[in-house]
Amino acid sequence: MAGKRKRDQRPLGERLFHWLTVFLLIFFAVVMVAPFVWLVSSSLKTQLDIFNYPPDFLPDPWVPQNYINALTYKPFGLYFRNTVLVAGLNVIAVVFTSSFCAYGFARLRFPGRDFWFGIVMATLFLPYAILLVPSFIVFSRLGWVDTFLPLVVPQFFGGGAFNIFLMRQFFRTIPEEIADAARIDGCSEFGVYWRIMLPLSKPALITIGIFTFLFAWNDLIGPMTYLRSPDNFTIAVGLASFRSQTDIHWDLQLAASAAVTLPVIAIFFVSQRYFIQGVVMTGLKG
């Protein structure tokens, strides 16, 4: 009958699985969002109200002044500029060098290619803390301590094993016939990489850019190790500086944390379509 809702003809087991999947997605979404909601709620409370038990979900009274006090208590404008500079240079370095290395492993044939790719992937098993001390000694002898160079220059040498792997897998999904046609037309190997591969790899490049930006934005160990002058501090170091030996301004720290999280959320929502596409397509071909 026209106008009647069409009945679901799927088997009962399939429908139950569908609704179970929906329930689990909603449940895990709430679990993931809850800490950020608590952060925003607590950032609008007084320091005493933050530790009320049982906790109050809604601030009473509301203290939006926390945001103004937090962002003026420390020079967050300077920290933001330093962080954007470091993160931006990291994104440029990683996107270019990782894609360049990945193109060689994906498209060029040379002796020991798979062996050297295995060596690159093996570096994923090296914890960051193991490399910290020898790296600090090298950069200290170069006179780079208390500059942004230790945080930026290493990214121009390969861009990291994970990013190389991600780009290699994406390059392997692009038909070889496209590159062959470009070579027949007289395009050099670098021209194939620059004019053909990179434009077709926009989703993977944006995915790597997002990962790199997030790491540089949230990195605390690197800036804490190499930076000494307050004028060079990044946002992560600025947030850590709210803690002192005698007191912690929790209301201000939570407000500043919520404020500096907003740019990351905005970037993700703007580029999430490319991000999801890049993650999905990198696993289509082994």
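Taking a 6.0 Å sphere around CZ of Phe190, one finds it holds more than 12 heavy atoms contributed by other residues, nucleotides or ligands. More than 12 heavy-atom neighbours from other residues, nucleotides or ligands sit within 6.0 angstrom of OH on Tyr128. More than 12 heavy atoms of other residues, nucleotides or ligands shown are found within 6.0 angstrom of CZ on Arg228. Environment of CZ in Phe17: sparse, with no more than 12 heavy atoms of neighbouring residues, nucleotides or ligands closer than 6.0 Å. Counted within 6.0 Å of CZ on Phe51, heavy atoms from surrounding residues, nucleotides or ligands total more than 12; the atom is thus considered enclosed.
The minimum heavy-atom distance linking Tyr79 with Gly238 is given by the pair CE1-CA, 3.5 Å. Residues Gly159 and Val94 share a closest heavy-atom pair of O-CG1, 3.6 Å. Residue Met121 comes nearest to Ala161 through the heavy atom pair SD-O, 4.0 Å, listed as atom of the first residue, atom of the second, then distance. Arg107 and Phe171 make their closest contact through NH2-O, 2.7 Å (heavy atoms, listed as atom of the first residue, atom of the second, distance). A pairwise comparison of heavy atoms in Ser257 and Leu39 identifies CB-CD1, 4.1 Å as the closest pair. Closest non-hydrogen pair, Pro230 versus Leu78, comes out as O-CD2, 4.2 Å.
Taking 4.5 Å as the limit, some side-chain heavy atom of Leu124 sits within range of a side-chain heavy atom of Phe162. Annotation: side chain of Phe105 is in contact with side chain of Val120 (closest heavy-atom distance under 4.5 Å). Under the 4.5 Å side-chain criterion, counting only non-hydrogen atoms from C-beta, Thr147 is not in contact with Asn232. Contact annotation: the side chain of Ile267 never approaches that of Val264 to less than 4.5 Å [non-hydrogen atoms, C-beta and beyond]. Residues Phe148 and Asn82 meet the side-chain proximity criterion, which asks for heavy atoms closer than 4.5 Å. No side-chain heavy atom of Gln155 sits less than 4.5 Å from a side-chain heavy atom of Asn163. Within the 4.5 Å cutoff, the side chain of Val63 has no heavy atoms near those of the Asp251 side chain. Inter-residue side-chain proximity for Phe170 and Pro203 is flagged as met; some heavy-atom pair is nearer than 4.5 Å.
The distance from the CG atom of Asp219 to the CE atom of Met224 is 11.0 Å, given to the nearest 0.5 Å. The structure places CG of Asn66 at 8.0 Å from OG1 of Thr46, a figure rounded to the nearest 0.5 Å. Note that the OG atom of Ser98 and the CG atom of Leu205 stand 7.5 Å from one another [nearest 0.5 Å]. Rounding to the nearest 0.5 Å gives a distance of 10.0 Å between CG of Leu149 and CG of Leu89. A distance of 11.5 Å separates CD1 in Ile92 from OG1 in Thr97, rounded to the nearest 0.5 Å. Phe100 CZ to Leu198 CG: the interatomic distance, rounded to the nearest 0.5 Å, is 10.0 Å.
When each of Leu132, Ile137, Val133, Leu131 is tested with Ser135 by the rule side-chain contact (heavy atoms from CB on, under 4.5 Å), just one qualifies, namely Leu131.
Cluster annotation: Ile68 is not connected to Leu254 through the hydrophobic network of ILVMFWY side chains, with a link wherever side-chain heavy atoms come within less than 4.5 Å. Transitive grouping of hydrophobic side chains (ILVMFWY, heavy atoms separated by less than 4.5 Å) brings Leu108 and Ile119 into a common cluster. Transitive grouping of hydrophobic side chains (ILVMFWY, heavy atoms separated by less than 4.5 Å) brings Val84 and Phe211 into a common cluster. Side-chain heavy atoms closer than 4.5 Å link hydrophobic residues (I, L, V, M, F, W, Y) into clusters, and following such links, even through other members, never connects Ile265 to Phe215. If you chain together hydrophobic residues whose side chains sit under 4.5 Å apart, Trp250 and Leu48 never meet in one group.
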Exercise for review: Go through the steps to decide whether Met197 and Ile174 satisfy the test side chain to side chain contact (heavy atoms under 4.5 Å, CB included), and finish with yes or no.
Suggested key: CA-CA 8 Å; Met197 291 299 180; Ile174 300 175; 3.7 Å; yes
Check your understanding: Between Leu239 and Phe76, is a side chain to side chain contact (heavy atoms under 4.5 Å, CB included) present by the stated rule, with each step listed?
Key -> CA-CA 9 Å; Leu239 290 176; Phe76 270 91; 3.9 Å; yes
Exercise for review: Given side chain to side chain contact (heavy atoms under 4.5 Å, CB included), test Trp144 with Phe136 step by step and report yes or no.
Suggested key: CA-CA 9 Å; Trp144 290 2; Phe136 180 82; over 6 Å; no
Exercise for review: Could you please spell out the steps behind the side chain to side chain contact (heavy atoms under 4.5 Å, CB included) verdict for Phe117 and Arg168?
Suggested key: CA-CA 10 Å; Phe117 181 70; Arg168 174 183 178 271; 3.3 Å; yes
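In this view, Tyr67 and Ser43 satisfy the side-chain hydrogen bond (donor to acceptor under 3.5 Å, both in side chains) rule, not counting sequence neighbours. With sequence neighbours left out, the salt bridge (charged side-chain N to carboxylate O under 4.0 Å, His left out) criterion links Asp146 to no other residue.
Judged by distance alone, with hydrogens and angles left aside, the side-chain atoms of Trp217 form a donor-acceptor pair with the main-chain N or O of Val260 at under 3.5 Å. A donor-acceptor contact shorter than 3.5 Å links the side chain of Thr83 to the backbone of Ile235. For the pair Ser201 (side chain) and Ala204 (backbone), a donor-acceptor distance under 3.5 Å is absent.
Hydrophobic cluster of Leu24: the remaining members, joined at side-chain heavy-atom separations below 4.5 Å, are Leu20, Phe23, Phe27, Phe28, Val31, listed by chain and number.
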